[in-house]
Amino acid sequence: MVQELVVAITAAFSASVVYVAAGAKVVKQYERGVVFRLGRLAGEVRSPGFTMVVPFVDRLRKVNMQIVTLPIPAQEGITRDNVTVRVDAVVYFRVVDAANAIVQVEDYRFAVSQMAQTSLRSIIGKSDLDDLLSNREKLNQGLELMIDSPAIGWGVQIDRVEIKDVSLPETMKRSMARQAEADRERRARIINADAELQASKKLAQAAEVMSEQPAALQLRLLQTVVAVAAEKNSTLVLPFPVELLRFLERAQAGQQPVQPQQATPPSVDRQPGVDPVEPPVTPERLGRTLGALGLPEAFADTDGLDTDGLGIPDTFGILGEPRVPLDPEGPEGSRSPDGFGNGTVPSGNGAGPSGNGAARPSGTAEEPAQPETPTS
């Protein structure tokens with residue numbers, strides 16, 4: 001009898017221990033416990049630590065209160081300026097009300113993920129490409145507000161939303177690269193032009209100082225020579241001063257070239273009604289004439305002899321002028337006024353200086369006049 005009583009007490013104690021063990025629960029520090037008694041929310045949310053529930057009556061659900069990092073899959077959309085892009089983001093959120101997170105929504109993680117994807121596509125359609133690339137902070141704030149508005153009723157708080165990457169088509173990437181290259185080239189040219197302007201001003205000031213002290217230019221030349229000679233070069237480049245060139249130009253301009261004197265014939269007194277008499281041809285006069293014409297002096301007569309009695313040197317015929325023999329018994333005026341033997345013969349038609357007809361070379365036979373035929 002005693003043994004049966006001991007066995008019964010032991011069994012009751014064991015059952016009570018098992019019952020108590022079944023109702024004992026431990027809630028971790030980063031968790032909260034929500035108790036459902038017979039399917040209804042019972043009491044308040046259990047705090048971290050040891051807690052008891054009614055076995056087989058109460059059901060305890062633990063909710064993680066830590067910040068959850070939820071990646072948003074890449075969403076493809078068209079921006080406001082008609083550019084197709086793919087954007088992915090990440091959402092940071094945490095549960096602030098464990099009871100609502102369990103009661104108000106079936107799966108708050110999946111709900112937040114779907115809301116984030118929808119909001120991201122909406123943000124893409126409302127924004128320009130430049131905003132997606134350069135003004136992400138504003139887009140992140142707008143995306144956070146769009147996700148946080150419905151999540152408040154779920155007991156979820158959105159801490160932060162970040163756009164991770166924006167994928168562009170290859171053609172758009174090349175276009176943007178060309179645009180960036182052109183902009184950088186423009187800025188480089190502006191910087192170079194500004195540098196040239198500043199350098200020209202400094203060079204003008206240096207030139208003004210050197211113009212006041214000519215020795216400064218010589219010292220600068222010597223410094224340049226020393227700088228070039230410092231290297232192990234076999235060839236030394238020596239700058240040529242510009243002032244020396246200007247000095248040579250002024251010196252050359254100061255020397256006036258000697259103009260060749262033109263042969264002036266001697267003055268001849270002219271009387272009214274009397275033809276002038278030209279001076280005789282002399283070797284000196286012939287040499288001056290040939291020099292003025294640019295002919296060599298070999299054409300000149302060295303002995304000045306006149307063997308044919310025409311009044312001109314023998315070798316003057318080498319000039320190629322036709323020499324027509326004159327009638328020695330002719331009048332004095334039959335000779336050419338220039339003394340070359342190519343004058344005209346006075347005729348009844350006014351040939352010569354006082355006539356009104358064309359000059360005819362001397363020595364040519366005059367054609368006989370044809371008799372006029374009387375007309376009836």
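Small disclaimer: the values here were computed from a predicted structure and weren't measured.
More than 12 heavy atoms of other shown residues, nucleotides or ligands fall within 6.0 angstrom of atom CZ in Arg187. The environment of NZ in Lys164 is crowded: more than 12 heavy-atom neighbours from other residues, nucleotides or ligands sit within 6.0 Å. Residue Glu44 places its CD atom among 12 or fewer non-hydrogen atoms of other residues, nucleotides or ligands, all under 6.0 Å distant. Counted within 6.0 Å of CD on Gln223, heavy atoms from surrounding residues, nucleotides or ligands total more than 12; the atom is thus considered enclosed. Few gaps surround CG on Leu219; more than 12 heavy atoms of other groups in view lie less than 6.0 Å from it. Atom CD of Gln179 sits in a sparse spot, with 12 or fewer heavy atoms from other residues, nucleotides or ligands closer than 6.0 Å. Arg136 CZ: more than 12 foreign heavy atoms inside a 6.0 Å radius. For Phe50, the CZ atom is densely surrounded, since the number of other residues' heavy atoms within 6.0 Å is greater than 12.
Considering only heavy atoms from C-beta on, Thr79 comes within 4.5 Å of Ile124 through its side chain. Counting heavy atoms from C-beta outward, Lys173 and Glu170 have side chains that approach closer than 4.5 Å. Between Leu139 and Asn135, the closest side-chain pair of non-hydrogen atoms is not below 4.5 Å. Considering only heavy atoms from C-beta on, Met172 comes within 4.5 Å of Leu129 through its side chain. You'll find the side chain of Gln104 stays beyond 4.5 Å of the side chain of Asp97, heavy atoms only. Residues Ile102 and Phe36 meet the side-chain proximity criterion, which asks for heavy atoms closer than 4.5 Å.
The CE atom of Met52 sits 9.5 Å away from atom CZ of Arg46, with the distance rounded to the nearest 0.5 Å. We find the CD1-CG distance between Ile147 and Leu120 to be 8.0 Å, quoted to the nearest 0.5 Å. Atom OG of Ser127 and atom CD1 of Ile163 lie 7.5 Å apart (nearest 0.5 Å). To the nearest 0.5 Å, the span separating CD on Gln29 from CD on Gln66 amounts to 10.5 Å. Rounding to the nearest 0.5 angstrom, the gap separating the CG atom in Asp58 from the NZ atom in Lys25 is 10.0 Å. Between Ile191 atom CD1 and Arg184 atom CZ the span is 10.5 Å, to the nearest 0.5 Å.
Between the Ser113 side chain and the Phe110 main chain, no donor and acceptor come within less than 3.5 Å of each other. A distance-only check finds no donor-acceptor pair linking the side chain of Arg160 to the backbone of Val90 [under 3.5 Å]. Between the side chain of Ser122 and the backbone N or O of Ser119, no donor-acceptor pair lies under 3.5 Å. Judged by distance alone, with hydrogens and angles left aside, the side-chain atoms of Asn192 form a donor-acceptor pair with the main-chain N or O of Ala188 at under 3.5 Å. Not one N or O on the side chain of Arg59 forms a donor-acceptor pair closer than 3.5 Å with the backbone of Phe56. Distance alone, capped at 3.5 Å, places no donor-acceptor pair between the Asp165 side chain and the Asp88 backbone. No donor-acceptor pair under 3.5 Å is formed between the side chain of Asp128 and the backbone N or O of Asp130.
Minimum interatomic distance between Pro55 and Tyr19 (heavy atoms only, all atoms of both residues): CG-O, 3.2 Å. Glu31 and Lys62 get closest at one heavy-atom pair: OE1-CD, 3.3 Å. A pairwise comparison of heavy atoms in Ile72 and Ala116 identifies CD1-CB, 3.2 Å as the closest pair. Counting all heavy atoms, side chain and backbone alike, Lys28 lies closest to Pro48 at O-CB, 3.3 Å. Nearest heavy-atom pair across Pro150 and Met115 is CG-CE, 3.6 Å. Contact detail for Val54 and Arg37: the closest heavy-atom pair is CG2-NH2, 4.2 Å.
Cluster annotation: Val103 is connected to Tyr108 through the hydrophobic network of ILVMFWY side chains, with a link wherever side-chain heavy atoms come within less than 4.5 Å. No chain of hydrophobic side-chain contacts below 4.5 Å, direct or via other Ile, Leu, Val, Met, Phe, Trp or Tyr residues, connects Val27 to Val34. In terms of hydrophobic clustering, with Ile, Leu, Val, Met, Phe, Trp and Tyr side chains grouped at heavy-atom distances under 4.5 Å, Ile67 and Leu70 are assigned to different clusters. When the side chains of ILVMFWY residues are joined at heavy-atom separations under 4.5 Å, either directly or via intervening members, Val26 and Val63 end up in two distinct hydrophobic clusters. Connection of Val105 to Leu41 is established within a shared hydrophobic cluster, with ILVMFWY side chains joined at heavy-atom distances below 4.5 Å, either directly or through further cluster members.
The residue from Asp159, Thr69, Val112 that alone fulfils the side-chain contact (heavy atoms from CB on, under 4.5 Å) condition with Phe93 is Val112. When each of Met176, Arg86, Arg174 is tested with Leu168 by the rule side-chain contact (heavy atoms from CB on, under 4.5 Å), just one qualifies, namely Met176. Screening Val156, Val95, Val68 for a side-chain contact (heavy atoms from CB on, under 4.5 Å) with Arg109, the sole residue that qualifies is Val68.
A salt bridge is absent between Asp131 and Lys138; no separation between the charged side-chain nitrogens and carboxylate oxygens falls under 4.0 Å.
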